[in-house]
Number of protein chains: 2
Amino acid sequence: MYDRAMPAETESGHRHSADTGWAHRALRELSQRGYRAGGARSAVIELLAEEGGCMEAEDVAERIRERGRSVGTASVYRALSLLSELGLLHKLALPEAPVRYELVRPGGEHHHHIVCDECGKTVLFSDERLEAAIAEVSRRAAFEVQAHDITLHGHCQSCQEAA
Amino acid sequence: MYDRAMPAETESGHRHSADTGWAHRALRELSQRGYRAGGARSAVIELLAEEGGCMEAEDVAERIRERGRSVGTASVYRALSLLSELGLLHKLALPEAPVRYELVRPGGEHHHHIVCDECGKTVLFSDERLEAAIAEVSRRAAFEVQAHDITLHGHCQSCQEAA
DNA sequence: GTTCCTGCAAAGGTTTTGCACCATA
DNA sequence: TATGGTGCAAAACCTTTGCAGGAAC
């Protein structure tokens, strides 16, 4: 499997810093819908906000424990599922890898992924023409389309050089 | 999980009929690369050619057995892996579902997927403008992009009516 | 005849579930 | 205080691996 320590980057190269806005919105949403924010849930939210998302469930649990908080694996899975159901996280599925969870930010602004099939490094991108084309296809489809995922596969520069 | 009995359809609604061209190419490719075509491998190839692909490994095994041929599950997984490595199959990963395998036809002509998040029904589509936009993004990316996957998510007409 | 494929069974890795205890609102 | 969240352990699920026997070339 891929190197899980690798954080997702934007194409310009810099990481997101702690997204406290997302964390607050998540906590508010939970409370508004009658869910409680116990230790595991709030730890998951805090961690994802700080790491910027795009992590596997196991990574989330591991990092929470590295920070001295103990958490049950099952509770992490349950928290991630709930946050996904509430539309606060997006699940990214790739072949040969566990699902990754990403922050969903409000306003429909979103991104897509370029994944290195060698090492799993993931870079984010967004493109207006692509979105326009997707919107047009969605309009014409018989389905009521609510979301879309685009993943480019290839090799990152390090893996190209190594080959 | 989704209803596995549902075959993939094109947007115009008709199924592919047995793709003997693909089957012949697969068998030729195996033999050219020094692989043998034993019972399990040829059964997998034959079944996929007839069903048109987009199936889970377990479905493939099940259908082969329904046709009276006995096959080991492990052999089905091994055959699917090999065919993927040889570029004869494409792996489609979705959250909450096992990987599905699809026929890869020569000439680069390919399609993408619209999946019903309710029942798992999958419809294929292709769009030139979308491909052009993807090509442009790929050209500009730091990665050497070799492939791409696009999946639209939503609800099919039956599930819309049921809701 | 040799090599490789196959099938079974067992193991591996990820995710879910059951249940008793405990914390949140 | 009542409800629902948490953690542990066990199970479920999908996929891979080990190995002995058998088939393909």
Side-chain angles (χ1 to χ4, degrees), chain A residues 1-4 26-47 55-65 68-86 88-89 91-101 120, chain B residues 1-4 26-47 55-65 68-86 88-89 91-101 120:
Chain A
M1 194 189 321
Y2 299 147
D3 174 6
R4 298 179 166 173
L27 291 169
R28 176 166 22 91
E29 197 77 9
L30 282 181
S31 136
Q32 278 179 1
R33 306 220 194 184
Y35 295 102
R36 300 177 186 173
R41 266 180 206 164
S42 39
V44 166
I45 290 172
E46 185 185 310
L47 184 102
M55 302 173 67
E56 298 170 12
E58 201 186 307
D59 292 332
V60 174
E62 202 175 296
R63 298 275 179 96
I64 291 175
R65 293 183 192 121
R69 240 158 133 167
S70 97
V71 72
T73 308
S75 301
V76 170
Y77 277 100
R78 284 188 274 234
L80 293 169
S81 292
L82 178 60
L83 293 170
S84 301
E85 271 172 36
L86 298 183
L88 292 157
L89 291 178
K91 294 169 88 163
L92 176 64
L94 297 172
E96 352 249 9
V99 168
R100 300 183 196 178
Y101 295 85
Chain B
M1 191 188 320
Y2 298 145
D3 174 7
R4 296 178 167 173
L27 291 168
R28 176 165 23 91
E29 197 77 8
L30 283 180
S31 134
Q32 277 178 3
R33 305 219 195 184
Y35 294 102
R36 298 178 187 171
R41 265 179 206 162
S42 39
V44 166
I45 290 173
E46 184 185 312
L47 185 102
M55 302 174 68
E56 298 171 12
E58 203 186 305
D59 292 330
V60 174
E62 203 175 297
R63 298 276 180 95
I64 291 174
R65 291 183 194 121
R69 239 158 131 167
S70 96
V71 71
T73 308
S75 302
V76 170
Y77 277 100
R78 284 189 275 235
L80 293 169
S81 292
L82 178 60
L83 293 169
S84 300
E85 272 171 36
L86 298 183
L88 292 158
L89 291 178
K91 293 168 88 162
L92 176 65
L94 297 173
E96 350 250 11
V99 169
R100 299 184 197 178
Y101 295 85

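Proteins get letters first, then strands, A, B, ... in listed order; numbering begins at 1 in each.
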What is the distance from atom [atom1] of [X] to atom [atom2] of [Y], rounded to the nearest 0.5 Å?
{"X": "Thr73(B)", "Y": "Arg78(B)", "atom1": "OG1", "atom2": "CZ", "answer": "10.5 Å"}
{"X": "Leu47(A)", "Y": "Arg69(A)", "atom1": "CG", "atom2": "CZ", "answer": "9.5 Å"}
{"X": "Ile45(A)", "Y": "Leu80(A)", "atom1": "CD1", "atom2": "CG", "answer": "10.0 Å"}

Does a nitrogen or oxygen in the side chain of [X] sit under 4.0 Å from OP1 or OP2 of [N]?
{"X": "Arg41(A)", "N": "dT6(D)", "result": "yes"}
{"X": "Ser75(B)", "N": "dG7(C)", "result": "yes"}
{"X": "Tyr77(A)", "N": "dT16(C)", "result": "no"}

Protein-nucleotide distance ([X], atom [atom1]; [N], atom [atom2]), rounded to Å:
{"X": "Glu85(A)", "N": "dT16(C)", "atom1": "CD", "atom2": "P", "result": "11 Å"}
{"X": "Leu30(B)", "N": "dC5(C)", "atom1": "CG", "atom2": "P", "result": "9 Å"}
{"X": "Met55(A)", "N": "dT14(C)", "atom1": "CE", "atom2": "C1'", "result": "16 Å"}
{"X": "Glu56(B)", "N": "dC13(D)", "atom1": "CD", "atom2": "C1'", "result": "12 Å"}
{"X": "Lys91(A)", "N": "dT16(C)", "atom1": "NZ", "atom2": "C1'", "result": "11 Å"}
{"X": "Arg33(A)", "N": "dG4(D)", "atom1": "CZ", "atom2": "P", "result": "16 Å"}
{"X": "Leu94(A)", "N": "dT14(C)", "atom1": "CG", "atom2": "P", "result": "14 Å"}
{"X": "Glu62(B)", "N": "dC13(D)", "atom1": "CD", "atom2": "P", "result": "14 Å"}

Go nucleotide by nucleotide along DNA chain D from the 5' end; which of Gly39(B) and Ala57(B) gets its closest nucleotide reached first?
Ala57(B)

Contact check, side chains of Tyr35(B) and Leu82(B), non-hydrogen atoms, under 4.5 Å:
yes

Base dT3(C) to side chain Arg36(B), donor-acceptor N/O within 3.5 Å cut-off
yes

Any N or O donor-acceptor pair under 3.5 Å from the base of dG4(D) to the side chain of Arg78(A)?
no

Check every strand shown and say whether Ser70(B) touches a base, only sugar-phosphate, or nothing at a heavy-atom separation below 4.0 Å.
sugar-phosphate

Check every strand shown and say whether Ala79(A) touches a base, only sugar-phosphate, or nothing at a heavy-atom separation below 4.0 Å.
nothing

Would you name the heavy atoms of Arg65(A) and Gly72(A) that are closest together and state the gap between them?
NH2-C, 3.9 Å

Compare the minimum distances between each of dG5(D), dA25(C), dT15(D) and the side chain of Pro98(B), then state the nucleotide with the smallest one.
dT15(D)

Please determine, for the side chain of Ala40(B), which listed nucleotide (dG5(D), dT6(C), dA9(D)) has the closest atom?
dT6(C)

Of Gly34(B) and Ala74(B), whose closest DNA chain C nucleotide lies nearer the 5' terminus?
Gly34(B)

